[in-house]
Amino acid sequence: MPSPQSLDRFTQEIDLVRREIGKVIVGHQEVVDGVLIALLAGGHVLLEGVPGLGKTTLLRTLGHALQLKYSRIQFTPDLMPADIVGSMVMDTHDGGVKNLRFQRGPIFAHLVLADEINRATPKTQSALLEAMQERTVTSGTVTHELEDPFLVMATQNPLEMEGTYPLPEAQLDRFLMKILVGYPTREELDTIVERTMAAEQPHLEKVVDRDQIMGLRRASREVLVAPHVRDFATHLVMATQPEQSIADPLAKKYIRYGSSPRGAQSLIQSGRVLALMRGRWNVSIEDLQSLALQCLRHRIILNFDAHAEGKTADAVLSEIMARIPVTTLA
Amino acid sequence: MSADGREQERLTVAVARARRRFLLNQILREATVAATIALLGPILVLVIGQRRSTVPLLVLFAAAGLGVAGRRWWQRRPTAYQVAQVLDARLHTKDQVSTAVHFLDTSGPAALVQRQAALAVAEGANVEAVFPWSAPRSLYALGSVFLVASTLFAIRYFLEKPPRMEKALPTLLAQAFEDEADRSGRRKEGYIQEARQTGDDVGEAFPLTNQEEQNPNIRLQWPDVSSGGTREGPETKDSKEKGDKDSSRSDAEGGDQASSDPSSFGQDQPIQSYEDMLERDSKNGIAPTQAQHGQDNPKDQSGSSNGAENQNSSFLAKLKDAMSNMLSKLQQKSPGGPNQQASAGQSSQGGDDQQGQGDGKGTPGDAQAGGDQATEGEGAESASNQAGKQSGGNSDKAMKGSGGSKSMSGGAAGSEEGDKKTVEAEQLEAMGMLTDLYGRRAANVNGEFTVEAPAGKQSLRTPQTAKQGRHGDAGGEVNRDEIPLAYQAYVKEYFNKIRQNAKAPQPQEPLPPPAASPQPQQPPQP
């Protein structure tokens with residue numbers, strides 16, 4: 001039940017999780033917030049960054065702090081779908097009775113880290129599709145439901161692209177956000193080194209349980225979205241589609257395929273959670289603007305001109321977003 | 001009333017306060033639009049003049065302005081929700097007020113909590129600061145229209161004082177120009193008649209053709225013809241005989257001013273064109289219209305009708321006169337150029353006369369010098385006699401006396417007949433004309449020409465231009481679909497390398513000088 005007190009409570013809970021993660025992860029507040037938003041909005045997140053930036057550590061820490069089941073899948077070229085979703089194994093009982101039993105794979109967890117997802121074959125990658133979208137796993141004729149909350153956090157290494165299988169657009173679209181993990185600053189790096197030299201590792205406490213997370217999810221769905229804010233999201237998404245009449249000229253020049261409607265959905269869902277995290281019961285256009293790059297950068301495909309001219313999806317999106325009016329008043 | 005109802009009412013009042021302020025700003029903007037449209041009526045009246053339909057026309061424009069402005073205001077009248085959006089955008093209140101206004105009738109728990117937060121923001125907002133009085137952009141349009149109206153009124157006031165608004169402005173302007181053209185024509189005719197009467201030497205030297213007699217303006221349109229060098233030969237020929245005659249005639253015709261001033265017409269220099277006449281008038285301090293009336297119609301000099309015309313002469317006429325004076329001065333003062341060549345050509349046509357009659361001062365090569373000396377010849381008979389003696393004795397001396405002229409050989413009639421210098425001078429003058437003609441034709445004529453060159457080793461040197469080629473000039477185009485998915489990263493990396501190479505500073509090599517570059521040798525042309 002939303003109330004001023006409940007809003008304060010929700011904000012405090014999220015702050016607790018942030019603080020707990022901050023014990024291990026130095027800096028990267030945008031990455032931490034993005035992962036939390038994806039978790040509370042019921043989406044999945046794709047992290048892209050060079051090795052050694054703490055992507056795996058972040059998810060493991062999140063699992064500890066949230067008292068959620070955590071599993072990690074290291075994607076390799078020889079990884080098979082059954083290695084992810086599980087397989088049927090034969091059990092022999094006393095008396096020689098044998099029967100087939102479904103042995104659950106690592107996908108049956110609340111937080112799944114798909115490490116270096118672009119190293120697995122498309123066949124294995126597609127095994128994640130059903131789990132990510134439908135939140136079910138089908139083995140033979142039996143469909144198994146995945147328990148909420150379910151968050152897939154995939155990582156991609158932009159280096160060493162040889163022998164990799166870049167994620168197809170259909171699979172990329174299923175991620176709520178794509179977050180770029182950058183290098184830490186000087187101060188952050190000093191803190192990281194200092195913590196590495198420490199004798200004891202930080203002790204993580206379980207600050208939020210699963211029920212609280214589900215309560216936060218429900219509360220985020222109560223956050224109000226005014227029509228002009230909704231219009232901003234739809235206008236932004238349609239402006240990236242070059243074939244639309246309201247498409248931005250920059251989209252017609254540099255974008256081959258614009259964002260899908262999932263982009264607008266993810267913008268609104270993420271905006272609701274962000275508004276809640278910021279202590280408001282309404283989504284503002286500033287919320288959408290701060291989330292637009294994370295929610296849309298992997299949903300647009302640039303054309304050859306953009307690649308040749310060195311344009312990135314972020315640059316094109318930023319320019320398009322700056323031209324969208326924030327009020328409906330002429 | 002419940003607490004929720006009171007919050008709703010307070011929020012509505014707070015937003016309505018902001019909306020009133022916004023609407024007042026909008027009314028101000030639309031009022032300027034209405035005033036702009038209404039001002040078009042007076043502008044129209046100023047243009048077409050006062051008619052029977054003037055008042056209805058003014059009323060119509062005023063009503064149209066009010067109607068348009070009212071319609072625009074009504075259509076652009078913002079709702080409370082839109083005003084709340086502007087409020088949020090200007091106060092950076094994260095769309096709290098607008099969301100609360102939109103969900104004003106919603107009674108959900110989230111809406112209630114959100115409304116409380118929005119109420120605190122809306123009631124604390126300074127509406128005057130959020131919606132300050134601002135000058136609308138339509139004010140510029142109003143200012144422009146007002147400027148046009150003022151200009152039109154000023155033109156009318158200038159044309160008729162006080163403006164009676166009876167005639168249309170184009171009619172008034174046309175009348176003013178016609179009057180001015182008539183006055184100008186009368187002045188020209190007066191000058192020409194005066195020139196014919198006073199300077200019969202001009203008439204003898206330049207007999208008017210039939211066409212020119214019918215239309216004197218034809219002759220007046222050629223200032224080059226009237227250069228001093230072409231006329232001073234014949235002018236100086238009769239200077240002995242007419243020096244006294246001209247002075248006495250000018251005294252008789254030019255009135256007191258001409259007789260009292262030694263530099264007046266008939267004594268200073270001959271009247272050769274309309275511009276000369278204007279210049280003479282300006283030198284004498286006489287306005288052209290005054291000069292016309294003083295010389296053409298001496299009886300009417302103090303008359304009433306022409307005096308009124310002089311008073312009504314427009315600024316355009318004065319400007320035109322000043323421009324013609326300035327142009328004629330420039331033409332006379334310029335020592336060389338096309339005028340000189342043209343005058344040289346004419347003087348060469350009348351070469352025999354010059355040789356026989358000239359007194360060593362009519363130098364076709366120097367119009368200014370010739371003019372000055374012709375003046376001397378006209379002014380005093382003794383001066384011309386003296387010049388004749390000098391030229392008869394030594395032609396070189398005569399040349400020096402004529403201001404350093406090179407081509408003209410002075411001398412009395414018969415003394416230097418057949419002199420080679422004269423023939424050369426004529427040929428040179430003719431060549432000058434030919435050069436001028438070729439120059440004019442070459443500006444428009446295209447074609448081929450052959451250059452004769454002596455046989456031998458020749459080389460054509462052309463300056464080398466430094467030009468850089470770019471990768472994109474080839475016009476290649478590759479679509480993304482043509483690149484397999486696996487190779488896209490390589491393509492991207494390739495372009496990154498290209499860009500990095502382009503950004504890296506490259507050592508600059510000095511370009512070879514254009515003349516030093518080796519050029520292919522061309523065979524000599526026949």
Taking all non-hydrogen atoms of both residues, which atom of [X] and which atom of [Y] are closest, and how far apart?
X: B/R499; Y: A/E309; value: NH1-C, 3.8 Å
X: A/E222; Y: B/A110; value: O-CB, 3.4 Å
X: B/K94; Y: A/S284; value: O-CB, 3.1 Å
X: B/F103; Y: A/L224; value: CE1-CB, 3.8 Å

**Item:** A/P227 portion near chain B, given a 4.5 angstrom heavy-atom threshold
**Value:** both
**Message:** Heavy-atom cut-off 4.5 Å, strictly under: side chain, backbone, both or neither for B/A89 against chain A?
**Reply:** side chain
**Asked** What part of B/V491 lies closer than 4.5 angstrom to a heavy atom of chain A: side chain, backbone, both or neither?
**Response** side chain
Within 6.0 Å of [atom1] in [X], more than 12 heavy atoms from elsewhere:
X: A/E30; atom1: CD; answer: no
X: B/R71; atom1: CZ; answer: no
X: B/W133; atom1: CH2; answer: yes

**Asked** Quick one: salt bridge (charged side-chain N to carboxylate O under 4.0 Å, His left out) pairs with a partner in residues 23-34 of chain B, sequence neighbours left out?
**Response** B/E30-B/R72
**Fill in**
When rounded to the nearest 0.5 Å, the distance separating CD of A/E286 from NE2 of B/H92 is 8.0 Å
**Asked** Can you tell if the side chain of A/W281 reaches within under 4.5 Å of the side chain of B/T99, non-hydrogen atoms only?
**Response** no
**Asked** So, do A/V223 and B/Q114 sit near enough that their side-chain heavy atoms are less than 4.5 Å apart?
**Response** no
**Message:** Using the side-chain hydrogen bond (donor to acceptor under 3.5 Å, both in side chains) criterion, which residues pair with A/R297? Sequence neighbours excluded.
**Reply:** A/D314
**Message:** I'd like to know if the side chain of A/N282 and the backbone of B/A100 have a donor-acceptor N/O pair within less than 3.5 Å.
**Reply:** no
